[in-house]
*Asks:* 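Okay, here's the structure, questions in a sec.
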Amino acid sequence: MPAETMADEPAAAREVVITRVFDVPARFLFEAYSKAEHLTQWFGPVGWPLTLCEIDFRVGGRFRFAMTGPSGKQNTPFGGEYLEIVPNRKIAYDNGFERPNAGRMIVTVSFDEKDERTTLTIHTLFDTVAMKNAHVGGGYVQGTGSGLDQLAVVAAAMRVRASLRDRPLAAGG
């Protein structure tokens, strides 16, 4: 989309914000976002596993994902570049489908921890209002929510494994 279109449409009309509170410290959510072994367990809606997951998690690094639906057919890959990474606090990246004239979106994921609970905020800024409406109409919010449901399970399991790993051995054990 031409830049002048973007300038004509206020950012507030092009954004979607999704917030969820998790009962785990931020480090588990951050790790779940930063490693392929975890991303393949939760990213995407239930029934649409991430079957392509290439990730170079560093500022300037790229990622490439694709999900496979219930029919067994892999969807169009999407991906982008990591723009900002602040460990356990923030990840920002651009993202878009690998198809001609596909728009881009800037996604900022914030992790705000308090008392070992973390508020995760996903702020998505689409190129245009039309792109936002197409994604929202296609189930973007519901799909993201479904992925976050799976993230809660994965992050809780990561927390349990970490607590078992860090637990002192019993006397004689």
Side-chain angles (χ1 to χ4, degrees), residues 15-59 61-72 74-98 104-126 132 134-167:
E15 66 186 2
V16 172
V17 178
I18 299 170
T19 301
R20 175 83 58 97
V21 177
F22 293 86
D23 290 325
V24 296
R27 67 181 184 276
F28 297 110
L29 298 170
F30 185 85
E31 183 174 333
Y33 258 93
S34 62
K35 294 183 178 176
E37 68 194 72
H38 302 304
L39 282 161
T40 54
Q41 294 179 41
W42 70 267
F43 191 93
V46 170
W48 292 81
L50 196 61
T51 52
L52 171 66
C53 184
E54 300 170 352
I55 180 171
D56 179 10
F57 191 70
R58 61 184 174 87
V59 174
R62 301 195 61 79
F63 69 95
R64 186 169 184 249
F65 296 164
M67 296 181 280
T68 297
S71 70
Q74 190 176 68
N75 274 8
T76 303
F78 57 94
E81 178 180 342
Y82 291 102
L83 305 172
E84 183 179 4
I85 297 172
V86 180
N88 303 326
R89 302 278 306 153
K90 183 179 182 183
I91 301 168
Y93 54 92
D94 86 322
N95 189 15
F97 284 104
E98 294 178 0
R104 305 297 297 173
M105 59 184 103
I106 302 295
V107 180
T108 303
V109 183
S110 301
F111 308 86
D112 297 308
E113 181 182 332
K114 182 176 182 184
D115 300 327
E116 298 201 347
R117 297 184 81 210
T118 304
T119 300
L120 180 91
T121 303
I122 303 170
H123 177 266
T124 305
L125 181 62
F126 295 89
K132 171 193 157 187
H135 276 72
V136 170
Y140 178 77
V141 174
Q142 295 83 358
T144 300
S146 180
L148 294 179
D149 292 345
Q150 296 181 103
L151 174 59
V153 173
V154 169
M158 292 168 67
R159 182 180 198 175
V160 168
R161 283 192 303 273
S163 68
L164 293 173
R165 194 175 45 240
D166 296 340
R167 185 175 59 184

*Asks:* Are V46 and D149 packed together at the side-chain level, in the sense that at least one heavy-atom pair is separated by less than 4.5 angstrom?
*Replies:* no
*Asks:* Which atoms form the tightest heavy-atom contact between F30 and K90, and what is the distance?
*Replies:* CE1-O, 4.0 Å
*Asks:* Any non-hydrogen side-chain atom of D112 less than 4.5 Å from a side-chain atom of R89?
*Replies:* yes
*Asks:* In terms of the angle between their ring planes, are H135 and Y140 parallel, tilted or perpendicular, with boundaries placed at 30° and 60°?
*Replies:* perpendicular
*Asks:* Less than 4.5 Å apart, any side-chain heavy atom of R27 and any of F111?
*Replies:* no
*Asks:* Given the side-chain rings of F22 and F28, with only the six-membered ring counted for Trp, is the space between their centroids under 6.0 Å?
*Replies:*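 No.
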*Asks:* Measure the CG-CD1 distance between L148 and I18 for me, rounded to the nearest 0.5 Å.
*Replies:* 7.0 Å
*Asks:* Report yes or no: does S163 contribute a side-chain atom to a donor-acceptor pair with the main-chain N or O of V160 at less than 3.5 Å?
*Replies:* yes
*Asks:* Using every non-hydrogen atom in the two residues, find where T76 and E98 come nearest and quote the distance to one decimal.
*Replies:* CG2-O, 3.6 Å
*Asks:* Step by step, would you call F97 with N75 a side-chain contact (heavy atoms from CB on, under 4.5 Å)?
*Replies:* CA-CA 10 Å; F97 284 104; N75 274 8; 5.8 Å; no
*Asks:* Is it true that a side-chain atom of R20 and a backbone atom of G145 form a donor plus acceptor pair closer than 3.5 Å?
*Replies:* yes
*Asks:* Any sub-3.5 Å donor-acceptor pair from E54's side-chain atoms to R64's backbone N or O?
*Replies:*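 A pair under 3.5 Å: no.
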*Asks:* Can you find a heavy atom in the side chain of F57 that is under 4.5 Å from one in the side chain of I91?
*Replies:* yes
*Asks:* Return the minimal non-hydrogen interatomic distance between L29 and A155, and the atom names on each side.
*Replies:* CD2-CB, 3.7 Å
*Asks:* To check you understand the geometry: which heavy-atom pair defines the closest contact between L50 and L39, and what is its length?
*Replies:*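 Taking every non-hydrogen atom into account, CD2-O, 3.9 Å.
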*Asks:* On a heavy-atom basis, which atom in L52 and which in P77 lie closest, and how many Å separate them?
*Replies:*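 For L52 and P77, the tightest heavy-atom pair comes out as CD2-CB, 4.2 Å.
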*Asks:* For residues F43 and F63, establish whether the separation of their ring centroids is below 6.0 Å.
*Replies:*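 No; F63 has its ring centre 6.0 Å or more from that of F43.
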*Asks:* What's the separation between atom OG1 in T108 and atom CG in L125, rounded to the nearest 0.5 Å?
*Replies:* 8.5 Å
*Asks:* Do V109 and Y93 have side chains that get closer than 4.5 Å, going by heavy atoms?
*Replies:* yes
*Asks:* Which distance, rounded to the nearest 0.5 Å, do you find between the CD1 of I55 and the OH of Y82?
*Replies:*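 Spacing of CD1 (I55) from OH (Y82) equals 3.5 Å.
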*Asks:* Can you check whether G44's main-chain N or O pairs, donor with acceptor, with Q150's side chain at less than 3.5 Å?
*Replies:* yes
*Asks:* In Å, rounded to the nearest 0.5 Å, how long is the span from NZ of K132 to CZ of F126?
*Replies:*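 One finds 8.0 Å between NZ of K132 and CZ of F126.
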*Asks:* If you round to the nearest 0.5 Å, how far is CG of D56 from CZ of R62?
*Replies:* 10.0 Å
*Asks:* Write down the atom of V136, the atom of Q142, and the distance for their closest heavy-atom approach.
*Replies:* O-OE1, 4.3 Å
*Asks:* Under 3.5 Å, is there a donor-acceptor pair between the side chain of D94 and the main chain of E81?
*Replies:*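 Side chain of D94 to backbone of E81, a donor-acceptor pair under 3.5 Å: yes, one is there.
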*Asks:* Determine whether W42 and V153 make a side-chain contact, defined as any pair of heavy atoms from C-beta on separated by less than 4.5 Å.
*Replies:* no
*Asks:* Could you give the distance from CD (Q41) to CE (M158), rounded to the nearest 0.5 Å?
*Replies:* 8.5 Å
